Amino acid sequence: MTPFTEKVIKIIQEIPEGKVMTYGQIAGLAGNPRASRQVARILHSMSRKHRLPWHRVINAKGKIAVQDEETFLEQKTNLIIEGVEVGEKGIINLEKYQV
DNA sequence: CCATTGACTCGGA
DNA sequence: GTCCGAGCCAATG
């Protein structure tokens, strides 16, 4: 894989519990602030094999970006378990939980 | 190699 | 607060 992809994966794995990161933020740390979409792609495609904590990754609006209902609930639940407050619509307080 | 895709972002209405 | 359009770019087929 490309260095970008590997970095993204590594960064995601280092997100502390009870905290979240946005796609753009991760993309920036990986070296390409504009590649936020790839971060998302990598997330959902690599999550199976690498067991990434993808649930700690949300979009810049502070909301869960998943459109699939089941996946959405799974992410929301996982975050709550880790102590992150998540609104009914997947809204998260970035000021408080973003790394 | 070219075209499409997407768990995004930003700025404007 | 919401909705839209344009921009970006690695991965996929």
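By convention in this document, chain letters (A, B, ...) are assigned in the order of the sequence lines, proteins followed by strands, and residues within each chain are numbered from 1. This structure is a prediction, so every number in the text was calculated from the model and none was measured.
Taking 4.0 angstrom as the limit, A:N32 places none of its side-chain polar atoms (N or O) nearer than this to OP1 or OP2 of C:dC8. Side-chain nitrogen and oxygen atoms of A:T5 include at least one within less than 4.0 Å of the OP1 or OP2 phosphate oxygen of C:dA11. The side chain of A:K63 contributes no N or O atom lying less than 4.0 Å from OP1 or OP2 of C:dG1.
Protein atom NZ of A:K61 is 14 Å distant from nucleotide atom P of B:dG12, rounded to whole Å. Atom-to-atom, OH of A:Y23 to C1' of C:dG7 comes out at 19 Å; the value is rounded to the nearest Å. Rounded to an integer number of Å, the gap from A:M1 CE to C:dA11 C1' is 7 Å. Rounded to whole angstrom, the span from the CG atom of A:D68 across to the P atom of B:dA7 amounts to 10 Å.
Ion pairing between a basic and an acidic side chain is recognised when a charged N comes within 4.0 Å of a carboxylate O; A:K76 and A:E88 show such pairing.
When distances run from any side-chain atom of A:R41 to the nucleotides C:dA10, B:dA7, B:dT9, the shortest one goes to C:dA10.
Transitive grouping of hydrophobic side chains (ILVMFWY, heavy atoms separated by less than 4.5 Å) keeps A:V84 and A:I15 in distinct clusters.
Checking side-chain atoms of A:Q75 against main-chain N and O of A:V57 turns up a donor-acceptor pair under 3.5 Å.
For A:R37 against C:dC8, a side-chain-to-base donor-acceptor contact under 3.5 Å is present.
For the residue pair A:Q13 and A:H50, no side-chain donor N or O sits within less than 3.5 Å of a side-chain acceptor on the partner.
Annotation: of the two residues near DNA chain C, A:Q38 and A:S45, the 5′-most nearest-nucleotide partner is A:Q38.
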